[in-house]
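Okay, so here's the structure we're looking at.
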Amino acid sequence: MRSISYYFLRGETTVRNIIETTSKALWEVLQPLYMPIPNQIMWKTIADRYNELWNLPNCVGSIDGKHIRIKAPVNSGSSFFNYKGYFSIVLMATADADGKFITIDVGEYGRSSDSKVLKESAFGQLLF
């Protein structure tokens with residue numbers, strides 16, 4: 001944020017607020033078009049495509065997570081400290097048979113296991 005604020009000659013808080021506001025607006029407009037909430041027809045289409053391309057019947061997505069290294073947030077304790085030995089947040093996504101994202105989850109604590117991240121995500125809530 002600091003380098004962006006220097007580049008545009010704006011305060012860090014101003015830059016942070018602009019990025020947050022813009023990101024929310026983009027998500028609200030683009031999410032329904034490019035990553036709609038899956039319905040029964042979409043799940044069936046995805047499962048059929050997995051079977052057609054990869055011979056995996058009844059598969060509705062490939063899921064994986066990634067730890068993104070961060071500086072330790074103030075007063076966060078060990079919430080963001082992961083088993084790899086650094087502070088992180090977890091990004092988790094589900095993709096269809098063609099590699100297009102179906103669902104995403106951003107920002108789970110680094111200490112959380114993959115199964116906990118899945119269970120706590122919106123996608124996981126629909127499964128369990």
Side-chain angles (χ1 to χ4, degrees):
M1 295 298 169
R2 184 172 294 142
S3 63
I4 294 172
S5 71
Y6 289 150
Y7 185 81
F8 290 103
L9 302 174
R10 299 289 182 259
E12 283 185 59
T13 304
T14 303
V15 169
R16 188 174 290 109
N17 289 339
I18 289 170
I19 290 172
E20 183 179 343
T21 305
T22 304
S23 297
K24 284 181 181 178
L26 286 171
W27 178 256
E28 288 172 4
V29 171
L30 298 177
Q31 180 269 328
L33 298 173
Y34 295 100
M35 196 179 295
I37 297 171
N39 57 30
Q40 191 171 5
I41 295 168
M42 285 180 65
W43 290 126
K44 177 73 173 128
T45 304
I46 292 167
D48 290 344
R49 184 76 173 148
Y50 263 103
N51 196 26
E52 175 187 328
L53 288 179
W54 307 109
N55 197 25
L56 290 170
N58 303 316
C59 181
V60 292
S62 301
I63 190 163
D64 197 14
K66 176 72 176 166
H67 285 267
I68 304 299
R69 189 181 297 256
I70 61 171
K71 288 183 181 178
V74 179
N75 298 324
S76 66
S78 63
S79 297
F80 291 93
F81 195 75
N82 68 25
Y83 68 95
K84 296 179 178 187
Y86 58 86
F87 290 89
S88 67
I89 59 170
V90 179
L91 310 180
M92 185 171 273
T94 310
D96 66 11
D98 297 304
K100 297 177 187 168
F101 290 127
I102 304 167
T103 67
I104 60 168
D105 185 70
V106 178
E108 187 63 45
Y109 294 128
R111 69 182 168 110
S112 300
S113 65
D114 287 347
S115 61
K116 182 178 181 191
V117 174
L118 174 61
K119 187 176 178 182
E120 306 267 331
S121 70
F123 176 62
Q125 294 293 318
L126 294 172
L127 287 176
F128 299 108

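As a basis for the values below, the full set of heavy atoms in this structure was taken, side chains included, without hydrogen atoms, waters or symmetry mates.
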Glu108 versus Met92: any side-chain heavy-atom pair under 4.5 Å?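 In short, these two side chains do not touch, never coming nearer than 4.5 Å.
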Less than 4.5 Å apart, any side-chain heavy atom of Lys116 and any of Ser113? yes
Would you give the length of the straight line joining atom [atom1] of [X] to atom [atom2] of [Y], rounded to the nearest 0.5 angstrom?
{"X": "Asp98", "Y": "Arg49", "atom1": "CG", "atom2": "CZ", "answer": "4.0 Å"}
{"X": "Arg16", "Y": "Ser5", "atom1": "CZ", "atom2": "OG", "answer": "9.0 Å"}
{"X": "Leu56", "Y": "Asn51", "atom1": "CG", "atom2": "CG", "answer": "7.5 Å"}
{"X": "Met42", "Y": "Ile37", "atom1": "CE", "atom2": "CD1", "answer": "10.0 Å"}
{"X": "Met35", "Y": "Lys100", "atom1": "CE", "atom2": "NZ", "answer": "12.0 Å"}
{"X": "Ile89", "Y": "Lys66", "atom1": "CD1", "atom2": "NZ", "answer": "12.0 Å"}

Please answer: with hydrophobic residues joined when any side-chain heavy atoms are less than 4.5 Å apart, are [X] and [Y] in the same cluster?
{"X": "Tyr6", "Y": "Met1", "result": "no"}
{"X": "Trp54", "Y": "Trp43", "result": "yes"}
{"X": "Ile102", "Y": "Val106", "result": "no"}
{"X": "Ile63", "Y": "Val117", "result": "yes"}

Candidate pair Asp48 and Glu52, rule side-chain contact (heavy atoms from CB on, under 4.5 Å), full reasoning: CA-CA 6 Å; Asp48 290 344; Glu52 175 187 328; 5.9 Å; no
Does [X], at its [atom1] atom, have more than 12 non-hydrogen atoms belonging to other residues, nucleotides or ligands within less than 6.0 Å?
{"X": "Leu26", "atom1": "CG", "value": "yes"}
{"X": "Lys24", "atom1": "NZ", "value": "no"}
{"X": "Trp27", "atom1": "CH2", "value": "yes"}
{"X": "Phe101", "atom1": "CZ", "value": "no"}
{"X": "Asn39", "atom1": "CG", "value": "yes"}
{"X": "Gln125", "atom1": "CD", "value": "yes"}

Can you check whether [Y]'s main-chain N or O pairs, donor with acceptor, with [X]'s side chain at less than 3.5 Å?
{"X": "Ser78", "Y": "Phe81", "value": "no"}
{"X": "Thr22", "Y": "Ile19", "value": "no"}
{"X": "Ser121", "Y": "Gly124", "value": "yes"}

Can you check side-chain contact (heavy atoms from CB on, under 4.5 Å) on Leu91 and Ile68, steps first, answer last? CA-CA 7 Å; Leu91 310 180; Ile68 304 299; 3.5 Å; yes
Could you check whether Tyr50 and Ser62, counting side-chain N and O atoms only, form a donor-acceptor pair closer than 3.5 Å? yes
Determine the minimum heavy-atom distance between [X] and [Y], stating which atoms define it.
{"X": "Gly61", "Y": "Thr94", "value": "CA-CG2, 3.9 Å"}
{"X": "Gly77", "Y": "Phe87", "value": "O-CE2, 3.7 Å"}
{"X": "Pro38", "Y": "Thr103", "value": "CG-CG2, 4.5 Å"}
{"X": "Val60", "Y": "Ala47", "value": "CG1-CB, 4.2 Å"}

What's the verdict on side-chain contact (heavy atoms from CB on, under 4.5 Å) for Tyr86 and His67, showing C-alpha distance, side-chain angles and the deciding distance? CA-CA 10 Å; Tyr86 58 86; His67 285 267; 3.9 Å; yes
Please evaluate residues Val15 and Arg10 with respect to the criterion side-chain contact (heavy atoms from CB on, under 4.5 Å), reporting the C-alpha separation (whole Å), side-chain torsions for both, the decisive distance (0.1 Å), and the verdict. CA-CA 7 Å; Val15 169; Arg10 299 289 182 259; 4.0 Å; yes
Would you call the rings of Tyr109 and Phe80 parallel, tilted or perpendicular, taking 30° and 60° as the class edges?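 Because their plane-to-plane angle is over 60°, the rings of Tyr109 and Phe80 count as perpendicular.
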